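Just so it is clear, the model here is predicted, and its values are computed rather than measured. Side-chain atoms are counted along with the backbone in the values below, which use heavy atoms only and exclude waters and symmetry mates. In this chain, numbering begins with 1 at the start of the sequence shown.
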Amino acid sequence: SLQAATAASFVAQELKPPKLQVACRRSLLLYAAAFSPRDKSLPNYLRILTSTTKVEEGKGKEPRQQTKIKLQTCVRTFERKNVQIDLHAQVHFADDKYFRYYNNYTGDFEAYDRIHYELITSENLLSKDSNGRRKIPQRYLLMPSLADQQTALRYNLSCQVNEIDYSQPNWYCSDYTREEYNKLLVQDAASFTNNQQIPTTKNNFLGGELFQALLRPSTPAQDGLTTRLYSNLFLSGEGLTFILRSLLWITVPVPELSILILDWSSLSPRAGGVSPVSVKVLESLIAGNLKIAQKLIFTQMLVSGQANVGSSSLIIGKRNEYAMQVLKKSIENDGCTRVALIYGALHCKDLQRRLEESGFKCTNTKWRTAWKIITTSTQQQPTSFLGTIAVIFLLLVSGLDWLSTLHEVGNSFEIHDVGSAAAAALLYLTRHVAIYFGLAKFVIEWDTGLFEATERPAS
């Protein structure tokens, strides 16, 4: 970035008139900024930790490589004068042992004056103490939704509301009730304008997501995402990128790879590369371990969601604002000096920002394992070999599909059958947008910080 800035100044000095110098310097500096390291000021609260060991199978047998892939959540400590806040990032599905920690089986929670937790539930299930603080009066009042139960069963995990005892002493709910939350949803919908997206809604319809992938990068980050591609040289970054994307879809073979490269090079924050989890997914599919492949994909999608800070949304921002108000009352009105704040991991970046704005400083970080996945592979099948085979197969099939579609469209135009030509082109686009969507969702590591952590092999 510094070298690019120096080059920008040198080039600008050689240009006349002065206005052109300023424009050139500005454009080159913006271009350099797009390729500078991403801001690390808000660290992640979820990570994937990998470790690899060699497993001997006995004499005459080929040793196998065992890889442990752990999903971990962060506990970050913040201090201001004599007040300590422990921000516990949490996932809603995990192994039983992960949730038992919150039931104080280690004794860690005895040191807290108060524990604040995230939970949207009906006001009928909450009681209030003399100071108006909300809490769950007794255990086993809560039940996970049918969808949550199915998700936990699919990945052989447990639901948090089944395992955590929210009725423990000094545990208080610092979240909206379901009734309050629904009212806010209605208010957000009522204030919707053409220049805003309702932050609390998300299009989960597959066809809608595919259509969006045709027009814009399909990344986990929907808030705070900017495009920096030759900004201010010809068009705005987003305008130029849109034109290039439109041309690449129809003019080059294997358009999904070209567009992934365009997205990778033009987006800010920058993507990291190919996720190592994707290689393990490929290995598991080849070995027929569909359950492991599904769980690996679920793990990566969970962690990649951190790219979306969402501080302006209801589901993240406004609930975090409410949590901070409850925290402030505990500190200022009730004299609490040590508080645990247990919130979903995707809330925690914004909560950290709010804590730091209130004068707190991070003093410690530790990690807890929510679940781990163990995969094995032979030493003679390096992951790079599998990746190479997959890329060659994609290039071959996608390239042949492009040639076949060109031939079909050309023949249709020769006989003046515009409808058939349009149908062939539409089917081609649908196939390749779907491939792009899958690669962007499950293969590309959009946040390089998510997958950097590794453990040394056991000796």
Side-chain angles (χ1 to χ4, degrees), residues 42-49 70-80 83-121 133-136 142 157-175 302-303 305-306 309-311 315-316 319-328 330-331 336-356 358 360-372 450 453:
L42 287 175
N44 292 310
Y45 280 79
L46 286 174
R47 73 178 184 182
I48 292 176
L49 191 73
K70 299 177 182 178
L71 175 71
Q72 294 192 321
T73 61
C74 182
V75 181
R76 200 156 271 139
T77 299
F78 297 88
E79 295 182 358
R80 185 187 68 189
V83 178
Q84 176 180 319
I85 307 298
D86 287 345
L87 180 55
H88 292 252
Q90 187 184 71
V91 286
H92 303 309
F93 307 97
D95 291 334
D96 295 348
K97 182 180 178 181
Y98 174 82
F99 290 127
R100 287 201 302 271
Y101 167 78
Y102 297 105
N103 292 338
N104 201 33
Y105 83 102
T106 61
D108 291 356
F109 282 80
E110 293 177 359
Y112 293 117
D113 299 321
R114 193 160 292 166
I115 294 95
H116 293 174
Y117 57 86
E118 164 209 10
L119 183 68
I120 293 181
T121 189
R133 294 185 293 255
R134 296 166 171 165
K135 68 182 285 94
I136 298 292
L142 303 173
L157 299 171
S158 298
C159 296
Q160 71 175 72
V161 295
N162 279 340
E163 302 297 332
I164 298 178
D165 180 7
Y166 288 101
S167 65
Q168 297 175 80
N170 295 327
W171 278 59
Y172 294 95
C173 181
S174 63
D175 207 341
L302 243 175
V303 176
Q306 292 177 107
V309 176
S311 59
I315 198 169
I316 299 290
R319 291 172 65 198
N320 286 357
E321 182 180 348
Y322 185 90
M324 291 297 295
Q325 291 172 1
V326 176
L327 178 64
K328 184 178 180 181
S330 292
I331 296 171
C336 296
T337 58
R338 187 168 184 192
V339 180
L341 186 58
I342 303 174
Y343 244 79
L346 301 188
H347 289 259
C348 289
K349 280 189 177 184
D350 183 58
L351 283 171
Q352 174 170 344
R353 178 183 63 80
R354 293 171 188 269
L355 285 169
E356 290 176 345
S358 300
F360 286 91
K361 292 185 179 180
C362 180
T363 58
N364 189 43
T365 298
K366 63 180 181 180
W367 294 89
R368 300 186 55 245
T369 299
W371 68 72
K372 66 181 176 182
L450 306 183

- Message: Between S158 and Y98, does the side-chain contact (heavy atoms from CB on, under 4.5 Å) criterion hold? Intermediate values first, please.
- Response: CA-CA 9 Å; S158 298; Y98 174 82; over 6 Å; no
- Message: Between T73 and R368, does the side chain to side chain donor-acceptor pair (under 3.5 Å) criterion hold? Intermediate values first, please.
- Response: CA-CA 5 Å; T73 61; R368 300 186 55 245; 4.7 Å; no
- Task: Measure the acute angle between the ring planes of H88 and Y112, then classify it against the limits of 30° and 60° as parallel, tilted or perpendicular.
- Result: perpendicular
- Query: In terms of ring plane angle, is the pair Y117 and W171 parallel, tilted or perpendicular, where the classes change at 30° and 60°?
  - Reply: tilted
Spacing of [X] atom [atom1] and [Y] atom [atom2] [to the nearest 0.5 Å]:
X: I120; Y: C173; atom1: CD1; atom2: SG; value: 9.0 Å
X: L355; Y: N320; atom1: CG; atom2: CG; value: 9.5 Å
X: I48; Y: Q72; atom1: CD1; atom2: CD; value: 10.5 Å
X: L46; Y: L71; atom1: CG; atom2: CG; value: 5.5 Å
X: H116; Y: S330; atom1: NE2; atom2: OG; value: 3.0 Å
X: L341; Y: L327; atom1: CG; atom2: CG; value: 6.5 Å

Which heavy atom in [X] sits nearest to a heavy atom in [Y], and how many Å separate them?
X: S358; Y: M324; result: OG-CE, 4.0 Å
X: A94; Y: F99; result: N-CE1, 3.5 Å
X: V91; Y: A370; result: CG2-CB, 3.7 Å

Are [X] and [Y] close enough that some pair of their side-chain heavy atoms sits under 4.5 Å apart?
X: Q90; Y: I164; result: yes
X: F109; Y: I342; result: yes
X: F78; Y: Q352; result: yes
X: W367; Y: L49; result: no
X: T121; Y: V161; result: no
X: I115; Y: Y102; result: no
X: Q160; Y: Y166; result: yes
X: D175; Y: R319; result: yes

- Output, in order, the C-alpha distance, side-chain angles, deciding distance and verdict of side-chain contact (heavy atoms from CB on, under 4.5 Å) for Y172 and V326. CA-CA 9 Å; Y172 294 95; V326 176; 6.0 Å; no
- Message: Hydrogens and angles aside, do N44 and K349 bring a side-chain donor and acceptor to less than 3.5 Å of each other?
- Response: yes
- Message: For a side-chain contact (heavy atoms from CB on, under 4.5 Å) check, start with the C-alpha distance between D95 and L157, then their side-chain angles and the critical distance, and finish with the verdict.
- Response: CA-CA 5 Å; D95 291 334; L157 299 171; 3.5 Å; yes
- Output yes when R338 and D86 qualify as a salt bridge under the 4.0 Å nitrogen-oxygen rule, no when they do not. yes
- Message: Quick one: does any side-chain atom of N364 pair with a main-chain N or O of T77 as donor and acceptor, under 3.5 Å?
- Response: no
- Check: E163 main-chain N/O paired with D96 side-chain donor or acceptor under 3.5 Å: no
